[in-house]
Student: 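One structure coming up, written as structure tokens, with questions to follow.
Scope of the values below: all heavy atoms of this structure, side chains included, with no hydrogens, waters or symmetry mates. None of these values were measured; they are calculated from a predicted model.
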Amino acid sequence: MSRRTPGVRRGARTGVLLAFTGPALALLILTRLAPEGYSLVASFEKVDPFGSASWTFAGWDNFRRLFTSAAFWQVLGVTVWFVVLASPVIVVGSLFLAWLYTRTMPMRGFWRTVAFLPSAIPSLGLTVMWGVALKPTGVMNNVLDTLGLPAQGFYSSTAQALPTIALITAWGGVGYWMVFLIAGLLDIPRELLEAARMDGASPWREFFSVVVPLLRRPLLFVLVANTVWVFQIYAPIQVLTNGGPSGATSTLMFDTVRTATVYSNQQQAMAQMVVLLVLLGATVAAQFALLGERE
């Protein structure tokens, strides 16, 4: 019986690898890389405003128009502030719930389900539910009135609209990311936790000195993936505020969609999308640099 050469074996392994990963790679190229590449190309083009199908090269005009617009810088500031408000709340909240629900407690499975339930509700349904509860004559203001407290504007107030959208986003995302952190916590050797307890470590000392360092990889994944998700939030803003009041909730994602669909300026929208991708990439790179593992 003849033996196959190393080259043949490597070719066979490569064929098997492509057979399993090929569909996923093709889907990634078609749904992610190709649209992003198109956005980059289109951001340097302009279209005949009189309806002609001809495209001409616009150079940096679309980006120059963005960076010289006061409205764009307001949108960019709102975007950064929204991420700063929502992302830490989601990460810290999901970490706390994951830690709480991996400890010995009555009806632990039931409370995990309750915490995850908001994540199972479609984003539109979740937004409508909170929109009804937080309207001027809604449940929340009725509760405040019963307690003798003044009514709040919530998403109809310029000052409160963005924090309100951030809290709705956090409420819908905490349970989802909690599941990933529970899986990470269950991978931590029980012997290490028991040793910390035998040494007299309090629950908080055990959490910060043992749990968090050993949870570095899943925590980094949740932080990065959640940040990407928050940057792309659209439904709550579109349904509750439509970018208002006075542009207080007009994030870059929302404004990009509005520029493309309402104002029919696809090239300007593509330039905004490129800026969003660069901002998102820089944020994720900074997170990896600060929290990634070091050799």
Student: Dump the intermediate steps for side-chain contact (heavy atoms from CB on, under 4.5 Å) on Leu185 and Ile188, then the final yes or no.
Tutor: CA-CA 5 Å; Leu185 286 169; Ile188 296 176; 4.0 Å; yes
Student: Between Asn265 and Thr259, is any side-chain donor less than 3.5 angstrom from a side-chain acceptor?
Tutor: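 The answer is no; no qualifying pair exists.
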Student: What orientation do Phe180 and Phe221 show, parallel under 30°, tilted 30 to 60°, or perpendicular over 60°?
Tutor: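 If you compare the ring of Phe180 with that of Phe221, the planes turn out tilted.
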Student: Test side-chain hydrogen bond (donor to acceptor under 3.5 Å, both in side chains) on Gln152 and Asn141; report intermediate values, then the result.
Tutor: CA-CA 7 Å; Gln152 301 298 315; Asn141 274 324; over 6 Å; no
Student: Give the C-alpha distance, both sets of side-chain angles, the deciding distance and a yes or no for side-chain hydrogen bond (donor to acceptor under 3.5 Å, both in side chains) between Ser250 and Gln74.
Tutor: CA-CA 8 Å; Ser250 183; Gln74 180 184 354; over 6 Å; no
Student: Angle between ring planes, Trp73 versus Phe67, binned at 30° and 60°: parallel, tilted or perpendicular?
Tutor: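 Rings of Trp73 and Phe67: tilted, as their planes differ by 30° to 60°.
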Student: With a 4.5 Å heavy-atom cut-off, do Val274 and Phe63 have their side chains touching?
Tutor: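 They are in side-chain contact.
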Student: Would you mind reporting whether Gln268 and Leu66 have side-chain heavy atoms less than 4.5 Å apart?
Tutor: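 Contact flag for Leu66/Gln268 side chains = yes.
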Student: Determine whether a donor-acceptor pair (N or O, by modelled atom type, separation under 3.5 Å) exists between the side chain of Ser156 and the backbone of Gly153.
Tutor: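 Checked: pair present.
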Student: Mark yes when over 12 heavy atoms from residues, nucleotides or ligands other than Trp81 sit less than 6.0 Å from its CH2; otherwise mark no.
Tutor: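 Open.
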Student: Would you find a donor on one side and an acceptor on the other, under 3.5 Å apart, between the side chain of Arg258 and the backbone of Tyr263?
Tutor: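 Answer holds: no.
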Student: Output yes when a side-chain donor or acceptor of Thr68 lies under 3.5 Å from a complementary backbone atom of Arg64, and no otherwise.
Tutor: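 A pair under 3.5 Å: yes.
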Student: Would you indicate whether Phe231, at its atom CZ, is surrounded by more than 12 heavy atoms from other residues, nucleotides or ligands within a distance under 6.0 Å?
Tutor: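 Yes.
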Student: Supply the atom-to-atom distance Phe288 CZ to Leu223 CG, rounded to the nearest 0.5 angstrom.
Tutor: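 Here the rounded value is 9.0 Å.
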Student: Should Leu126 and Pro122 count as side-chain neighbours, where that means a heavy-atom distance under 4.5 Å?
Tutor: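 Leu126 vs Pro122: side chains apart.
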Student: May I ask you to decide if Phe154's main-chain N or O and Ser157's side chain share a donor-acceptor pair within less than 3.5 Å?
Tutor: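 Pair absent, no side-chain N/O of Ser157 close to backbone of Phe154.
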Student: Side chains of Phe254 and Asn242, heavy atoms from C-beta outward: is any pair under 4.5 Å?
Tutor: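 Counting from C-beta outward, Phe254 and Asn242 do come under 4.5 Å.
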Student: Between Thr102 and Leu181, does the side-chain contact (heavy atoms from CB on, under 4.5 Å) criterion hold? Intermediate values first, please.
Tutor: CA-CA 10 Å; Thr102 51; Leu181 294 177; over 6 Å; no
Student: Under the 3.5 angstrom rule, does the side chain of Gln232 hit a backbone N or O of Val228 as a donor-acceptor pair?
Tutor: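 The answer is yes, because a donor-acceptor pair under 3.5 Å joins these two groups.
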Student: I'd like to know if the side chain of Ser69 reaches the main chain of Ala71, judged simply by a donor and an acceptor atom lying under 3.5 Å from each other, with no hydrogens or angles considered.
Tutor: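 Yes: the side chain of Ser69 pairs with the backbone of Ala71.
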Student: Test side-chain contact (heavy atoms from CB on, under 4.5 Å) on Asp187 and Leu215; report intermediate values, then the result.
Tutor: CA-CA 9 Å; Asp187 280 340; Leu215 203 62; over 6 Å; no
Student: Are Leu240 and Ile165 close enough that some pair of their side-chain heavy atoms sits under 4.5 Å apart?
Tutor: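 They are in side-chain contact.
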Student: Hey, mind stepping through Phe207 and Trp99 against ring-ring contact (aromatic ring centres under 6.0 Å, His included) and telling me if it holds?
Tutor: CA-CA 8 Å; Phe207 177 75; Trp99 176 69; 5.0 Å; yes
Student: Treating Gln160 as the side-chain partner and Tyr155 as the backbone partner, does any N or O pair qualify as donor plus acceptor under 3.5 Å?
Tutor: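 A pair under 3.5 Å: no.
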Student: Could you tell me if the side chain of Leu100 sits less than 4.5 Å from the side chain of Trp111, heavy atoms only?
Tutor: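 No, their side chains stay 4.5 Å or more apart.
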Student: In this structure, which one of Leu280, Val84, Thr79, Ile90 forms a side-chain contact (heavy atoms from CB on, under 4.5 Å) with Val230?
Tutor: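 Only one of Leu280, Val84, Thr79, Ile90 forms a side-chain contact (heavy atoms from CB on, under 4.5 Å) with Val230, namely Ile90.
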Student: Go through the steps for Leu124 and Val239 under the test side-chain contact (heavy atoms from CB on, under 4.5 Å), then give the verdict.
Tutor: CA-CA 8 Å; Leu124 184 59; Val239 172; 3.5 Å; yes
Student: Are any non-hydrogen side-chain atoms of Leu85 and Val89 less than 4.5 angstrom apart?
Tutor: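 With C-beta onward as the side chain, the pair stays apart.
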Student: Contact between Leu279 and Leu76 at the side-chain level, heavy atoms closer than 4.5 Å - yes or no?
Tutor: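 Yes. Closest side-chain heavy atoms under 4.5 Å.
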Student: Ile182 and Val92: same hydrophobic cluster, using ILVMFWY side-chain contacts below 4.5 Å?
Tutor: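 Not linked; separate clusters.
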Student: Please check: side-chain N/O of Tyr101 versus main-chain N/O of Gly109, any donor-acceptor pairing under 3.5 Å?
Tutor: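 Absent.
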